[in-house]
Amino acid sequence: VQLQASGGGQVQAGDSLRLACAASGRTFNNNVMGWFRQAPGKEREFVAAVSWSGSITYYRDSVKGRFTISRDEAKNTVYLQMNDLKPEDTAVYYCAADERQRTTYTEGYYRTTGLYDYWGQGTLVTVSS
């Protein structure tokens, strides 16, 4: 099982990027998927998650209204559309997947690394002012 994150790059403040997380080895269409990020010298932090059904999404407050998580079941891929990027968004972004299918959790648990069993290798996003 592998999660391959891509789409990172170096952009200016206000620009947009779309990250993709392609899964291989199994499908994750009925699994919780999430995005986390880690800036230099900081702990990994939650960015966004989508429920197993795709009907519910969660975001950290600082990205609400700017980032959108979505999934394409046909491609077994999860996306993170990032608009109006800010220098504080600079980090390595990781996608993650829950092993369990069709499982719902309390909102707080979606935001923790402990929920996720599979992790991608990370893609670097650098936003300059």
Side-chain angles (χ1 to χ4, degrees):
V1 177
Q2 188 175 16
L3 300 178
Q4 182 71 39
S6 62
Q10 186 168 356
V11 298
Q12 298 286 322
D15 286 350
S16 298
L17 281 174
R18 188 177 77 157
L19 306 184
C21 175
S24 60
R26 61 166 283 183
T27 63
F28 287 98
N29 294 334
N30 293 304
N31 301 67
V32 172
M33 301 290 292
W35 285 96
F36 287 74
R37 66 188 182 187
Q38 187 166 17
K42 295 187 177 181
E43 294 187 353
R44 192 169 298 190
E45 63 182 20
F46 169 79
V47 177
V50 57
S51 64
W52 71 264
S53 65
S55 61
I56 303 174
T57 55
Y58 302 96
Y59 299 95
R60 70 179 298 107
D61 287 346
S62 63
V63 308
K64 283 182 181 177
R66 299 189 297 122
F67 290 12
T68 303
I69 187 171
S70 62
R71 63 198 314 164
D72 185 331
E73 294 186 357
K75 296 182 178 180
N76 204 22
T77 298
V78 174
Y79 300 98
L80 185 68
Q81 177 67 42
M82 306 186 296
N83 298 329
D84 189 23
L85 282 160
K86 304 178 185 301
E88 52 264 41
D89 295 318
T90 295
V92 176
Y93 283 71
Y94 299 89
C95 61
D98 179 17
E99 163 73 18
R100 293 153 291 275
Q101 293 188 322
R102 297 184 177 85
T103 304
T104 301
Y105 306 94
T106 59
E107 180 177 342
Y109 197 41
Y110 288 91
R111 301 172 184 270
T112 66
T113 57
L115 183 155
Y116 303 91
D117 304 285
Y118 301 102
W119 291 84
Q121 86 289 359
T123 184
L124 177 62
V125 173
T126 303
V127 185
S128 56
S129 57

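Because only heavy atoms are used, hydrogens play no part in the values below, and waters and symmetry mates are left out as well, while side chains stay in.
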Q) Counting N and O atoms only, with roles assigned by atom type, does the side chain of S55 sit under 3.5 Å from a partner on the main chain of S53, one being a donor and the other an acceptor? A) no

Q. OH/Y58 to CZ/R111 distance, rounded to the nearest 0.5 angstrom?
A. 8.5 Å

Q.
Using side-chain heavy atoms (C-beta onward) and a distance below 4.5 Å, is C95 in contact with M33?
A. no

Q. At what distance, to the nearest 0.5 angstrom, does CD of Q121 lie from SG of C21?
A. 8.5 Å

**Q.** is_close_aromatic(F36, Y94), centroid dist under 6.0 Å
**A.** no

Q) How far does OG1 of T103 sit from CG of N30, to the nearest 0.5 angstrom? A) 10.0 Å

Q. Out of curiosity, S24 OG to L3 CG, how far, rounded to the nearest 0.5 Å?
A. 7.5 Å

Q. Going by heavy atoms in the side chains, are V125 and V127 under 4.5 Å from each other?
A. yes

Q. Any side-chain heavy atom of F67 within less than 4.5 Å of one from W35?
A. no

**Q.** R44 CZ to R37 CZ distance, which is reported to the nearest 0.5 Å
**A.** 13.0 Å

Q) Under a single-linkage definition using a 4.5 Å side-chain heavy-atom cutoff for Ile, Leu, Val, Met, Phe, Trp and Tyr, are V47 and Y118 assigned to the same hydrophobic cluster? A) yes

**Q.** Minimum heavy-atom distance between R26 and N76, given as atom pair plus value
**A.** O-ND2, 2.8 Å

Q.
I'd like to know if V50 and I56 are part of one continuous hydrophobic network [Ile/Leu/Val/Met/Phe/Trp/Tyr, side-chain heavy atoms within less than 4.5 Å].
A. no

(Q) Using salt bridge (charged side-chain N to carboxylate O under 4.0 Å, His left out), reason through D89 and K86 one step at a time and then give a plain yes or no. (A) CA-CA 5 Å; D89 295 318; K86 304 178 185 301; over 6 Å; no

Q.
Using modelled atom types and a 3.5 Å cut-off, is there a donor and acceptor pairing between side-chain atoms of Y110 and backbone atoms of Y105?
A. yes

Q) At their closest point, which heavy atom of P87 faces which heavy atom of S128, and how far apart are they? A) CG-C, 4.5 Å

Q | Minimum heavy-atom distance between Y59 and T57, given as atom pair plus value | A | CE1-OG1, 3.5 Å

Q.
So, applying side-chain contact (heavy atoms from CB on, under 4.5 Å) with W52, which one of T104, D98, N29 is it?
A. T104

Q.
Please give me the minimum heavy-atom distance between R71 and F28, naming the atom from each residue.
A. NH2-O, 2.5 Å

Q: Report yes if some heavy atom in the side chain of L124 is under 4.5 Å from a heavy atom in the side chain of Q10; otherwise report no.
A: no

Q: Take D117 and R100 through the side-chain contact (heavy atoms from CB on, under 4.5 Å) test and state the conclusion after the steps.
A: CA-CA 9 Å; D117 304 285; R100 293 153 291 275; 3.4 Å; yes

Q. Got Y116 and V32 here, is their nearest side-chain heavy-atom distance under 4.5 Å?
A. yes

Q) What pair of heavy atoms forms the shortest contact from M82 to L19, and how long is it? A) CE-CG, 3.7 Å

Q. Of the non-hydrogen atoms in G34 and I69, which two are nearest, and what is the gap between them?
A. CA-CD1, 4.5 Å

Q | side-chain contact (heavy atoms from CB on, under 4.5 Å) partner of L85, chosen from V63, V11, T90, T126 | A | V11

